[in-house]
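Below: the structure, in structure tokens.
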Amino acid sequence: MMYKIPRGTFDILPADSVKWQYVKDIFRKVAASFGYSEITTPIFEMAELFERSSGENSDVVQKEMYRFSDQKGRNFALRPEGTAPVVRSYVENHMDKSGARSKLFYMGPMFRYDRPQAGRYRQFYQYGIELIGSNHPYFDAEVIAIEMNFLKALGLKELRLEINSVGCANCAKDYDEALREYYRPHLNDLCPDCQKRYQQKPRRLLDCKVPSCKVFRKAAPSQLDYLDEDCRLHFAEVLKYLDTMGIAYKVNPAIVRGLDYYTNTAFEVIVDALGAQNSIAGGGRYNALIAEIGGKDTPAIGFAGGFERLLLALEKEGVTLPETVRPKVYAVAIGEEARRAILPILQTLREAGFYAEYNPEKTSFKAQMKAADTSGADYAIILGEDELAQGKLILKNLRDSVQISLDPAEVLHNLSQ
RNA sequence: GUGGGUGUAGUUCAACGGCAGAGCACCGGAUUGUGGUUCCGGGCGUUGUGGGUUCGAAUCCCAUCACCCACCCCA
């Protein structure tokens, strides 16, 4: 084979397309039920947008971004995530000046140069929600409710919602300090990765999987004990709203978001059956981001979910999704004359919106009937020499094998019932 | 970026140094116009790719690519 698809990418073939379309439709409907509107941004942006928003030393910026420069030497990156572009658009289009809240959703491909694995790709598809312009704790719960309603509408059951608060910048700084203080005496016992985490992102120390590092975890200070009064109150309110809305959750102080812009609420939806890449959605509040990239200081909350992992989870749970569309009728025509006469009838059916299938390459009656059957069509319309002579045709129900003879003009009426 | 596993027909898998096979799927047929069950017939596929060892390689060795698993990271 001469040409191969790039590593970590995949084709969505027709059989799968139907499923993707279905899942996307449901997401659009659920988002609409909360009054969110779709926003579509380019798949590449100035590289600096992501460097600035995600954090210079985040993994995404340091080693996972697809960068390129164009003919004029401008530095771009294929978007590794969806929030920064939406916020860029929000600011660029002066939505921050109107004072109104923006309730937005998006979906589309994201790109990260990473080692492919089950549920992890270099081009992957995300859906996301952004509510920009309110710090009200109700909206933290609303945004989570959108995701949970969506998953419920699809029929996914084996999942858990984990939630945490990382506080505002001040709380986070205090907490990082407390963590460093706690870990300092053990520094030499930590794995090399954790030595780095100690410097760069102390909170990551908490979810290390190395046994010798894990032992320090249970006595470690908790983020929740380092929230200031406002942050503590906000978090308590969010949880109360979730309770009221009937959304089950588990508070997990170890939940950490990968990108630098998160504040306060952080959450993740986890499906254990997926293995190592078990997070199907994650998000949180990002009150500092809008100002960070040049807009008016504006609070916001959002999340992003991965379609591939979602589809995988649905498959593992045995949820059935729509398959390829089957014909309503399959045309069976015998003889030269009938094979021409069938065409205007098919045209009438198609104009009425029915999927009518015909294959001129099969000529024998048997072969055509067989094809009608394997196509999964509900009906066969049969036009042979006898019918042609009588000006009739046969409408055969392929489910119960009942067939009737009728005028061609009556077919449409019969199918519409 | 690190470590491990696997690549054979459209697909799921055999063959593990000696002629590359089977199930499913697909196509055709079982006397003149009726599908689903049954029966019969239909397979040269660069054994992922490129080297090497050998009289002989799908099989052993090396490299490379891809996928899978774990780390890392995250959706």
Side-chain angles (χ1 to χ4, degrees), chain A residues 1-10 13 15 54 58-64 79-83 107-128 147 191-194 196-197 201 204 207-210 213 255-259 267-271 274-283 302-313 330 332-335 338 359 361-389 393-403:
Chain A
M1 205 172 293
M2 209 163 195
Y3 295 110
K4 290 210 277 191
I5 194 166
R7 181 161 203 213
T9 68
F10 56 92
L13 300 174
S54 301
S58 64
D59 278 31
V60 166
V61 168
Q62 287 210 321
K63 49 186 196 194
E64 295 172 9
R79 62 181 185 194
E81 60 103 19
T83 300
M107 37 216 243
M110 305 294 162
F111 306 83
R112 286 183 205 171
Y113 186 88
D114 203 345
R115 183 111 169 219
Q117 195 174 321
R120 189 167 79 185
Y121 304 91
R122 289 183 173 177
Q123 174 170 343
F124 57 103
Y125 295 80
Q126 284 190 333
Y127 56 93
E147 170 69 356
C191 70
D193 282 332
C194 279
K196 239 186 323 179
R197 292 183 178 114
K201 242 175 231 179
R204 286 268 176 228
D207 52 19
C208 183
K209 285 159 192 161
V210 176
C213 296
I255 292 279
V256 181
R257 304 273 76 233
L259 308 175
F267 67 94
E268 215 163 303
V269 179
I270 293 161
V271 175
L274 290 182
Q277 309 302 323
N278 62 359
S279 168
I280 68 168
F303 76 84
F307 280 117
E308 296 81 9
R309 291 181 190 178
L310 177 55
L311 257 3
L312 269 172
Y330 196 102
V332 175
I334 306 102
N359 181 359
E361 291 181 321
K362 296 199 187 295
T363 52
S364 83
F365 201 145
K366 194 179 201 69
Q368 291 187 69
M369 282 306 292
K370 213 170 208 167
D373 186 59
T374 51
S375 78
D378 293 329
Y379 296 91
I381 51 174
I382 303 168
L383 184 63
E385 280 150 27
D386 296 352
E387 290 75 27
L388 211 51
L393 51 74
I394 292 167
L395 180 66
K396 177 165 186 169
N397 183 323
L398 292 173
R399 302 275 173 273
D400 58 18
S401 297
V402 174
Q403 63 180 52

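Order of the sequence lines sets the chain letters (A, B, ...), proteins ahead of strands, with each chain counted from 1. Computed from a predicted structure; not experimentally measured.
For the side-chain contact (heavy atoms from CB on, under 4.5 Å) test, residues two or more places apart in sequence or in another chain that qualify with Asp193(A) are Cys191(A), Lys196(A), Arg197(A). Under the side-chain contact (heavy atoms from CB on, under 4.5 Å) criterion, Glu64(A) pairs with Asp59(A), Val60(A), Arg112(A), Asp114(A), not counting sequence neighbours. Tyr113(A) meets the ring pair (Phe, Tyr, Trp, His ring centres under 6.0 Å) test with Tyr66(A); sequence neighbours excluded. For Glu308(A), the side-chain contact (heavy atoms from CB on, under 4.5 Å) test picks out Phe10(A), Trp20(A), Tyr121(A), Phe124(A), Tyr125(A), with sequence neighbours left out. Partners of Lys366(A) by salt bridge (Lys or Arg N to Asp or Glu O under 4.0 Å), not counting sequence neighbours: none found. For Asn359(A), the side-chain contact (heavy atoms from CB on, under 4.5 Å) partners at least two apart in sequence or on another chain are Tyr330(A), Glu361(A), Lys362(A).
Scanning atom types as modelled, no donor and acceptor separated by under 3.5 angstrom connect the side chain of Arg204(A) and the base of C73(B). At a cut-off of 3.5 angstrom, counting only N and O atoms as typed in the model, there is a donor on one side and an acceptor on the other between the side-chain of Gln403(A) and the base of U34(B).
Taking CD1 from Ile255(A) and CD from Glu268(A), the interatomic distance works out to 4.5 Å, rounded to the nearest 0.5 Å. Here CG of Leu393(A) is found 12.5 Å from CG of Asp386(A). Values are rounded to the nearest 0.5 Å. Gln126(A) CD to Arg79(A) CZ: the interatomic distance, rounded to the nearest 0.5 Å, is 8.5 Å. Summarising the geometry, atom CD belonging to Glu147(A) is positioned 7.5 Å from atom CG belonging to Leu310(A); distances are rounded to the nearest 0.5 Å.
Within the nucleic acid shown, Gly335(A) has no heavy atom closer than 4.0 Å to any nucleic acid atom. Glu387(A) comes within 4.0 angstrom of a nucleotide base, judged by non-hydrogen atoms across all strands. Across all strands shown, Tyr121(A) has heavy atoms under 4.0 Å from base atoms, whether or not it also approaches the sugar-phosphate. Nucleic acid contact for Gly384(A): base, since at least one base atom lies under 4.0 Å from a heavy atom of the residue. Counting any heavy atom pair closer than 4.0 Å across all strands shown, Leu310(A) reaches no nucleic acid atom.
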Restricting both atoms to N or O, compile the protein contacts to nucleotides 69-71 of chain B shorter than 3.5 Å, with distance only.
from   : atom 1 : to        : atom 2 : distance (Å)
C69(B) : OP2    : Ala118(A) : N      : 2.5
A70(B) : OP1    : Ala276(A) : N      : 3.4
A70(B) : OP2    : Gln117(A) : NE2    : 3.3
C71(B) : N4     : Arg120(A) : NH2    : 3.3

Using the 3.5 Å cut-off, write out each protein N or O paired with an N or O of nucleotides 29-32 of chain B and the distance between them.
none

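Taking atom C1' in both A15(B) and G23(B), one finds a spacing of 15 Å when rounded to whole Å. Of the C1' atoms belonging to U54(B) and G45(B), the separation is 24 Å, rounded to the nearest Å. Rounded to a whole angstrom, the distance from the C1' atom of A25(B) to that of G36(B) is 16 Å. The same atom, C1', is picked in U49(B) and in G41(B); the two are 36 Å apart, to the nearest Å. Taking atom P in both U53(B) and G21(B), one finds a spacing of 28 Å when rounded to whole Å. Remark: the separation of the P atoms in G50(B) and C68(B) is 24 Å, to the nearest Å. Taking atom C1' in both U12(B) and U47(B), one finds a spacing of 16 Å when rounded to whole Å. The gap from the P atom of U8(B) to that of A30(B) amounts to 37 Å, rounded to the nearest Å.
Nearest nucleotide to the Glu64(A) side chain, out of C73(B), G33(B), A75(B): C73(B).
Exactly one of Val271(A), Ile280(A), Asn278(A) qualifies for a side-chain contact (heavy atoms from CB on, under 4.5 Å) with Arg309(A). That residue is Ile280(A).
Atom pair Ile381(A):CD1 and G33(B):P shows a separation of 19 Å (rounding to whole Å applied).
OP1 or OP2 of C72(B) has not a single side-chain nitrogen or oxygen of Lys196(A) nearer than 4.0 Å.
Here the closest heavy-atom approach between residue Ala281(A) and residue Tyr127(A) is recorded as CB-OH, 4.3 Å. Of all heavy-atom pairs spanning Val332(A) and Met369(A), the tightest one is CG2-SD, 3.9 Å. The minimum heavy-atom distance between Thr83(A) and Glu81(A), with the atom names listed, is N-OE1, 3.0 Å.
Gln403(A) has its side chain out of reach of Asn397(A): every pair of non-hydrogen atoms, C-beta onward, lies at least 4.5 Å apart. Residues Gln123(A) and Met110(A) have side chains not in contact (no heavy-atom distance under 4.5 Å, counting atoms from C-beta outward).
Using modelled atom types, one side-chain atom of Thr9(A) and one backbone atom of Pro6(A) make a donor-acceptor pair closer than 3.5 Å.
Residues Arg112(A) and Lys362(A) both approach RNA chain B. Their nearest nucleotides, taken by heavy-atom distance, put Lys362(A) toward the 5′ side. Annotation: of the two residues near RNA chain B, Pro6(A) and Val269(A), the 5′-most nearest-nucleotide partner is Pro6(A).
Residues from residues 393-402 of chain A placing a heavy atom under 4.0 Å of any atom in RNA chain B, listed by number, are Ile394(A), Lys396(A), Leu398(A), Arg399(A), Ser401(A).
Under the stacking definition used here (centres under 5.5 Å, planes under 30°), the residue Phe124(A) qualifies as stacked on the base of A75(B).
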### Per-nucleotide protein contact string for nucleotides 5-11 of chain B (B base, S sugar-phosphate only, - none; heavy atom under 4.0 Å)
-------
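Among the duplex regions that RNA chain B forms, those built from at least three successive Watson-Crick or G-U pairs under 3.5 Å are B:1-7 with B:65-71, B:10-13 with B:21-24, B:26-30 with B:38-42, B:48-52 with B:60-64, ordered by first number.
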Please list, one pair per line, the donor and acceptor atoms closer than 3.5 Å that link side chains of residues 372-384 of chain A to other protein atoms, with sequence neighbours excluded.
from      : atom 1 : to        : atom 2 : distance (Å)
Thr374(A) : OG1    : Lys370(A) : O      : 3.1
Thr374(A) : OG1    : Ala371(A) : O      : 3.3
Ser375(A) : OG     : Ala372(A) : O      : 2.8
Ser375(A) : OG     : Ala377(A) : N      : 3.2
Asp378(A) : OD1    : Arg399(A) : NH2    : 2.8

